[in-house]
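Comments concern the structure below.
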Amino acid sequence: MNKYIVVNQPEKWKFSIDNIIVISSQEYLTNSTFSLIKKARIFNLCKDYTYQTKGYYVSLLAEARGHLAIPTIKNLVDLNDLKLVKIVSEDFDDVIQQSLKNIKSREFTLSIYFGQNVAQKYKELSSLFYKHFQVPFLRVKFSFNTKWNIQSIKAISESEIPAEHLESVHEFANQYFSKKRYDTPKLTKSDFDLAILVNPNDAAPPSNSKALRKFVDIAEKMNIYAEIITPKDLSRLTSFDALFIRQSTEVNNEAYAFARKAQQEDIAIIDYPDAILKCCNKVYMAEALNNANIATPKTIIVHKDNRNEVITQVGLPCVLKAPDSTFSFGVKKAKTEEEYTTLVDEMLKESDLIIAQEFCPSDYDWRIGIIDDEVFYACKYYMAKGHWQIYNWKAKKKKEQDGESDCLPIEKVPKKVIQMALKSAKLIGKGLYGIDIKVVKNKPMVIEINDNPNIDFGVEDEYYGDLIYTKILSALKTRLQ
């Protein structure tokens, strides 16, 4: 397997490691050669992993390309939320207390290099932090009140390593990169009372109130206790055996925190944190679909170095998408070069990478519902009145914000649409997905893979009725068993 160390500036990298190539983040993100490599392990040592930076995208695209990334995108999201860090580290709190019990001051900083500390007595604690967060250079600050608590945690770059630590770090690096296997935390699933997460303030909820009532009623008939919970109920989550997320999912909102805690606590979930991370980022999706040879509208990952070449490749008008756009929020259409320039300027201020896509007009999109590799509903979503998208959030009348829909028997859907939907869902793994597909000139193309698709009473259940709810609840029961 090819091994690569990815850093921001290779010329400033301090360590020489045998048989490993050091490359820049810009090269890994923009050189198409790397997307063709089938087996690679990517050690992401960028100086900044925060959301939508180059460090973030290195791990994201590595996973999309089928490369083994350290740290993973899930590690990075966990690391940037202290609340999640504390949730994850609860599992080894006893080791934290035992390791730091003899420290006299009320503050302590632990520097972890490839899972080790220069002091042998912190070996076990350093190893546990690395095992759960997978960040090669990590700095954890603790404070003491009645017990030791994590005050902050952050990745550091090689330039932040104290000079007196460099010799040890070089030794740790050689030990680390000579390994054939790399520790990763175990992911778990489990058993029986169901929490349905709903945000009352959701601008575009994935289930309407009648559908939520259906879930609760049918769950009762299946001997599952179901309760609607809200984002303020995170502390109660451990009293449930299963979690079904019915609020809009984003990397930086409560839904991900709930999913991550559920995974940490052996609670069965729909949908998994990995699915949220992958489906909520259009950059990941573009790379993953391309690597799997699944047809899409002509798509380009746009960055500052190629932005001027995009129009010649995808044409005008073109669709521009923020990486984490959902329900048509953050999706723009540029009709002219001036509009393109203005929109790209704005969007690249928010993210180092965005998506440009060929504009493929159609009267409707197929939405194919998939649960654990099985198709269980099929809808046609028509464009909103006088608009080019299914949702038109600028419509003056609320009833004109979204288009009409038809729910059909699965056997009435073209086979090539069904096959494409199933192949697309397999890229993400087991779970609940809504695959959006356009058919233009008899050619199906994937537009979106949704990790949290709508299940609305009177829409997705229009043809199969209660079976839609039963399928999802049965999938949760299967996870529990």
Side-chain angles (χ1 to χ4, degrees), residues 25-27 29-32 35 50-54 56-57 60-61 64 203-204 250-252 280-290 295-365 381-398 400-403 436-441 443 445-450:
S25 54
Q26 184 71 6
E27 185 179 4
L29 293 173
T30 62
N31 187 336
S32 59
S35 66
T50 52
Y51 189 52
Q52 296 189 354
T53 59
K54 286 180 182 175
Y56 180 89
Y57 281 121
L60 186 78
L61 288 196
E250 296 172 18
V251 173
N252 293 324
C280 284
N281 196 290
K282 302 293 187 293
V283 173
Y284 177 92
M285 204 53 61
E287 189 82 3
L289 289 166
N290 179 61
T296 65
K298 193 177 293 180
T299 302
I300 294 176
I301 298 173
V302 184
H303 48 85
K304 63 182 178 63
D305 293 334
N306 74 343
R307 54 175 292 167
N308 296 327
E309 305 160 20
V310 170
I311 291 176
T312 58
Q313 295 180 58
V314 299
L316 286 171
C318 72
V319 178
L320 297 169
K321 298 181 177 181
D324 52 1
S325 53
T326 56
F327 288 101
S328 301
F329 295 116
V331 179
K332 314 286 184 185
K333 184 168 74 170
K335 299 176 186 174
T336 65
E337 285 192 35
E338 290 76 18
E339 281 186 347
Y340 171 83
T341 301
T342 300
L343 290 170
V344 169
D345 283 344
E346 292 171 359
M347 295 169 83
L348 286 178
K349 287 177 184 175
E350 301 297 323
S351 173
D352 284 343
L353 304 176
I354 61 172
I355 292 295
Q357 206 165 57
E358 172 189 15
F359 178 56
C360 296
S362 64
D363 293 333
Y364 63 86
D365 289 352
Y381 292 164
Y382 293 89
M383 301 303 131
K385 185 178 179 181
H387 193 60
W388 59 282
Q389 293 169 290
I390 292 165
Y391 297 99
N392 179 11
W393 300 113
K394 293 182 179 178
K396 293 179 181 178
K397 297 179 182 177
K398 189 170 175 39
E400 293 181 0
Q401 279 187 347
D402 51 4
D436 293 344
I437 295 175
K438 282 185 187 291
V439 179
V440 179
K441 296 180 180 177
K443 178 187 175 184
M445 299 181 289
V446 173
I447 304 299
E448 201 89 70
I449 302 176
N450 300 278

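Values below: every heavy atom of this structure, side chains too, minus hydrogens, waters and symmetry copies.
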Here the pair of heavy atoms bringing T336 nearest to L316 is C-CD1, 3.8 Å
Do V302 and Y340 make a side-chain contact, defined as non-hydrogen atoms from C-beta onward lying under 4.5 Å apart?
yes
Here the gap from I355 atom CD1 to E287 atom CD, rounded to the nearest 0.5 Å, amounts to 9.0 Å
Does a side-chain heavy-atom distance below 4.5 Å link K438 with K443?
-> no
_Are more than 12 heavy atoms, taken from residues, nucleotides or ligands other than E27, located less than 6.0 Å from that residue's CD atom?_
yes
Tightest non-hydrogen contact, residues A356 and V310, listed as CB-CG1, 3.5 Å
One should read off an interatomic distance between L60 CG and Q52 CD, to the nearest 0.5 angstrom, of 9.5 Å
Any donor-acceptor N/O pair, S351 side chain to I354 backbone, under 3.5 Å
no
_Any heavy-atom pair between the side chains of Y56 and N281 that's under 4.5 Å?_
yes
Heavy-atom distance under 4.5 Å between the side chains of D365 and M383, does that happen here? yes
Of all heavy-atom pairs linking L343 and K332, the shortest is CD1-CB, 3.8 Å
- Can you check side chain to side chain donor-acceptor pair (under 3.5 Å) on S25 and Y57, steps first, answer last? CA-CA 9 Å; S25 54; Y57 281 121; over 6 Å; no
Rounded to the nearest 0.5 angstrom, the OG1-CD1 distance for T299 and I447 is 8.0 Å
* Asked: Where the side chain of N306 meets the backbone of I301, is there a donor-acceptor pair that is under 3.5 Å apart?
  -> yes
Between the CD atom in Q313 and the CD atom in E358, the distance rounded to the nearest 0.5 Å is 12.0 Å
Value for CD1 (I449) from SG (C280), rounded to nearest 0.5 Å, stands at 12.0 Å
Could you tell me if the side chain of Q26 sits less than 4.5 Å from the side chain of H303, heavy atoms only? yes
Any R307 side-chain heavy atom under 4.5 Å of T341 side chain:
yes
_Side chain proximity check, S362 to V439, heavy atoms < 4.5 angstrom_ = no
- Does a sphere of radius 6.0 Å around CG in D363 hold more than 12 heavy atoms from other residues, nucleotides or ligands, not counting ones at 6.0 Å or beyond? no
What one should report as the nearest heavy-atom pair of K349 and D345 is CG-O, 3.3 Å
For I311 and E337 the tightest heavy-atom approach is CD1-CG, 3.7 Å
Donor + acceptor pair across side chains of Q357, K321 (<3.5 Å): yes
Any non-hydrogen side-chain atom of N290 less than 4.5 Å from a side-chain atom of T296? no
Any side-chain to backbone donor/acceptor pair from D352 onto K54? Under 3.5 Å, distance only. yes
